[in-house]
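A short write-up of the structure that comes next.
Naming: A, B, ... by sequence-line order, numbering from 1 per chain.
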2 protein chains.
Amino acid sequence: MAVTILDVAKLCGYSKATVSRAFACPEQVSDKTREKVYAAARALNYTPDAIARAMVRGRTDNIGFVIYEKQYPVVLNPFYSPIFESVLQTCAQHGYSLFISSDRDLHLPNGQTCVKKQMDGVILAGHSDMQTVLDLQQQNMPVVLLNNALDLDHLLCVTTDQYGGAVLAMRHLAERGHRRIGLIAGNFSPHVYMARYNGYCDVLREIGQPIDFRLVQSIEPTVEAAIACTSLMLSLSDRPTALFCTNDTIAIGAMKAVLRAGLCIPEDIAIVGFDDSENSRLVEPELTTVHIDKVAMGRIAAERLIAQIEQGPAEKQVIQTDVRLIVRQTT
Amino acid sequence: MAVTILDVAKLCGYSKATVSRAFACPEQVSDKTREKVYAAARALNYTPDAIARAMVRGRTDNIGFVIYEKQYPVVLNPFYSPIFESVLQTCAQHGYSLFISSDRDLHLPNGQTCVKKQMDGVILAGHSDMQTVLDLQQQNMPVVLLNNALDLDHLLCVTTDQYGGAVLAMRHLAERGHRRIGLIAGNFSPHVYMARYNGYCDVLREIGQPIDFRLVQSIEPTVEAAIACTSLMLSLSDRPTALFCTNDTIAIGAMKAVLRAGLCIPEDIAIVGFDDSENSRLVEPELTTVHIDKVAMGRIAAERLIAQIEQGPAEKQVIQTDVRLIVRQTT
DNA sequence: GTGAAAGCGCTAACAG
DNA sequence: CTGTTAGCGCTTTCAC
């Protein structure tokens with residue numbers, strides 16, 4: 001793009017400064033001038049250079065959404081994608097654009113942490129290590145943690161009530177009269193895994209049901225793994241009457257295994273999932289699951305990050321969004 | 001970030017240029033020097049400013065993935081999200097980062113088209129109007145069209161064999177002996193809609209089956225709309241024995257309607273979808289569908305765009321990825 | 001409301 | 001292998 005602000009200035013007879021203002025703050029320029037400037041710009045097909053602008057303003061109006069590498073792919077992840085979408089919307093509303101990258105992009109060849117790209121702040125989604133966050137903070141790069149919580153000063157974290165959700169799911173099953181309830185848990189980050197696992201154990205304890213470890217399995221959260229795992233559980237002589245799956249993908253795999261075994265849902269086996277992803281409504285019967293307010297998580301993370309960018313450092317805080325049980329047809 | 005390259009230069013006793021090289025092209029600097037520079041950088045917590053770098057290099061190493069607004073949300077779209085993911089991967093491999101934005105971001109308040117953000121090229125996904133593409137080209141902004149084709153010089157388009165896919169699906173149904181085949185078509189862009197519709201008509205003609213317009217419906221591509229539409233078709237006295245749905249979401253809605261009507265798939269009604277989205281394997285029975293090579297589409301679009309960025313304008317070309325039928329359990 | 005001038009932080013010749 | 005120098009294109013005081 002060879003044509004610069006100077007070319008426009010020359011053509012319309014005004015100065016660089018006026019042309020600049022016509023684009024950046026149109027209200028500071030008289031109507032007549034603005035029109036002339038725009039006409040000249042159109043004639044030359046001039047377009048302000050975003051980089052030069054960012055350089056001098058010290059602001060890019062970009063935000064980075066950084067995913068822990070292991071959790072790739074983001075966009076296809078039924079849990080993260082609605083969150084990402086919500087972040088995207090919120091950013092757009094506030095005039096920010098969104099970069100998407102993995103945590104690999106956060107390190108220089110010499111090992112230092114930094115934001116190699118042009119962004120005013122970052123949302124770190126999923127796992128992220130403390131040193132990285134510290135480094136970023138030290139470089140005055142606003143940071144918000146999403147679906148993760150770290151105990152650091154001035155760090156804002158947005159999570160959800162993992163434990164409460166598990167308890168909701170389990171109590172619901174217990175109220176339906178289930179006692180032999182299996183757990184198929186995805187091997188998520190310890191933070192998430194333990195909270196959901198504890199919910200399972202605590203409700204079992206509440207109803208006086210001892211834990212049968214043959215009914216507690218930890219797997220990769222894929223449909224295939226869930227099918228295999230469930231099939232095994234179904235072959236038990238005293239098979240469970242209900243399954244609590246720690247995400248919807250697992251629950252869908254469990255459903256497949258049950259249906260393929262010729263059993264009925266929920267009559268023979270009841271199933272509860274977690275996340276309330278889009279997929280939970282795709283399957284038939286539709287899945288009872290714990291709703292996580294992914295829209296709120298994304299929105300809050302983005303809003304709080306933007307607040308930091310525009311108004312300075314955050315207070316240390318963990319914002320926990322509510323969960324609720326969505327009862328559909330699998331229980 | 002108050003600390004600049006100059007601070008590091010002073011601290012380590014080298015010049016700005018050397019410090020710059022230590023980060024930008026480490027091999028051009030002696031080991032000893034590099035270590036000293038890095039040490040100083042670490043001490044000051046210095047990090048190169050990506051904006052200033054981009055400014056002087058005239059390159060940002062960023063690519064924009066721009067979606068036609070009406071097709072929002074991108075990330076949740078079962079068709080676009082795998083493509084986006086593939087673009088993301090390819091860009092990462094080549095050292096580019098990805099921006100995601102809608103076509104709204106392509107226009108200045110004065111109506112001019114431009115890339116307001118810092119990117120070296122853009123992938124325009126879905127519908128995009130010709131003037132926008134022309135404007136971008138005139139500004140020397142490399143462009144690739146994805147899932148769309150426009151007849152413009154030096155414009156590279158990546159699409160798929162929409163018509164061929166429809167023919168594959170229909171012939172498959174015909175080979176299974178179906179004659180009364182319904183069409184439930186999503187109201188996609190004319191480009192896509194017509195190709196798939198023509199495939200339907202042509203195969204019916206091949207098998208000497210007149211088109212019954214009660215069996216041809218055009219709807220919003222949502223599960224709900226598909227359920228409603230299918231229910232209606234099922235209530236016909238001479239209901240179809242098979243349904244060709246122009247995407248998987250519609251097919252899944254159709255499946256729900258069929259199952260809820262107490263009918264069996266594929267015994268009573270066979271169903272074929274289009275896209276081979278992740279969802280097609282989630283449902284039970286699993287969906288027979290036309291596979292679109294979304295990974296290839298994303299990769300090719302990204303690679304070609306990068307080629308343009310690095311090696312100059314493209315030849316006018318429409319690259320059409322192959323389709324194939326994936327026969328699962330609904331036919 | 002408009003213009004002149006001073007950089008923003010970095011890289012890329014070119015020299016040495 | 002390292003240093004010097006000249007900007008990249010824009011915004012932003014500060015005058016007028």
- prompt: Looking only at side chains, do Asp293(B) and Thr321(B) share a donor and an acceptor under 3.5 Å apart?
  reply: no
- prompt: Do the side-chain N or O atoms of Arg53(B) get closer than 4.0 angstrom to the phosphate oxygens (OP1, OP2) of dT11(C)?
  reply: yes
query: Relative to the 5' end of DNA chain D, which residue comes earlier, Tyr14(B) or Val19(A), by the nucleotide with the nearest heavy atom?
result: Tyr14(B)
field: Separation of atom CD in Gln118(B) from atom C1' in dG9(C), rounded to whole Å
entry: 15 Å
- request: Using atom CD of Gln28(A) as one end and atom P of dT11(D) as the other, report the distance to the nearest whole Å.
  value: 12 Å
- prompt: Atom NZ of Lys16(A) and atom P of dG1(C): how far apart are they, to the nearest Å?
  reply: 22 Å
Contact under 4.0 Å: Thr18(A) side-chain N or O vs dG3(C) OP1/OP2: yes
- request: Check the surroundings of atom CD in Gln320(B): do more than 12 heavy atoms from other residues, nucleotides or ligands lie under 6.0 Å from it?
  value: yes
task: Could you label the plane-to-plane angle of the Phe65(B) and Phe84(B) rings as parallel, tilted or perpendicular, counting under 30° as parallel and over 60° as perpendicular?
output: perpendicular
message: Can you measure Met55(B) atom CE to dT11(D) atom P for me and round it to whole angstrom units?
response: 10 Å
statement: Against the side chain of Val56(B), the closest entry in dG9(C), dT12(D), dT2(D) is dG9(C)
query: Which comes earlier along DNA chain D counting from the 5' end, the contact point of Thr33(B) or that of Arg57(B), where each point is its nearest nucleotide?
result: Thr33(B)
task: Let me know the distance between CG of Asp7(B) and P of dC8(C), rounded to the nearest Å.
output: 11 Å
Among Tyr46(B), Tyr14(B), Phe23(B), ring pair (Phe, Tyr, Trp, His ring centres under 6.0 Å) partner for Tyr38(B): Phe23(B)
message: I want to check one thing: is the phosphate of dC10(C), taken as OP1 and OP2, less than 4.0 Å away from some side-chain N or O of Tyr46(B)?
response: yes
- request: Output the single nucleotide from dC10(D), dC10(C), dT12(D) whose closest atom is nearest the side chain of Ile5(A).
  value: dC10(D)
message: When you measure from the side-chain N and O atoms of Ser20(B) to the phosphate of dT11(C), is any distance below 4.0 Å, counting only OP1 and OP2?
response: yes
message: On DNA chain C, compare the nucleotides closest to Leu6(B) and Glu27(A); which residue's is nearer the 5' end?
response: Glu27(A)
Whole-Å gap separating P (dA13(C)) and CZ (Arg21(B)): 12 Å
- prompt: When the distance from CZ of Arg59(B) to C1' of dC10(C) is rounded to whole Å, what number comes out?
  reply: 16 Å
query: Should Leu145(B) and Val133(B) count as side-chain neighbours, where that means a heavy-atom distance under 4.5 Å?
result: yes
- prompt: Between atom NZ in Lys10(A) and atom C1' in dG9(D), what is the gap in whole Å?
  reply: 13 Å
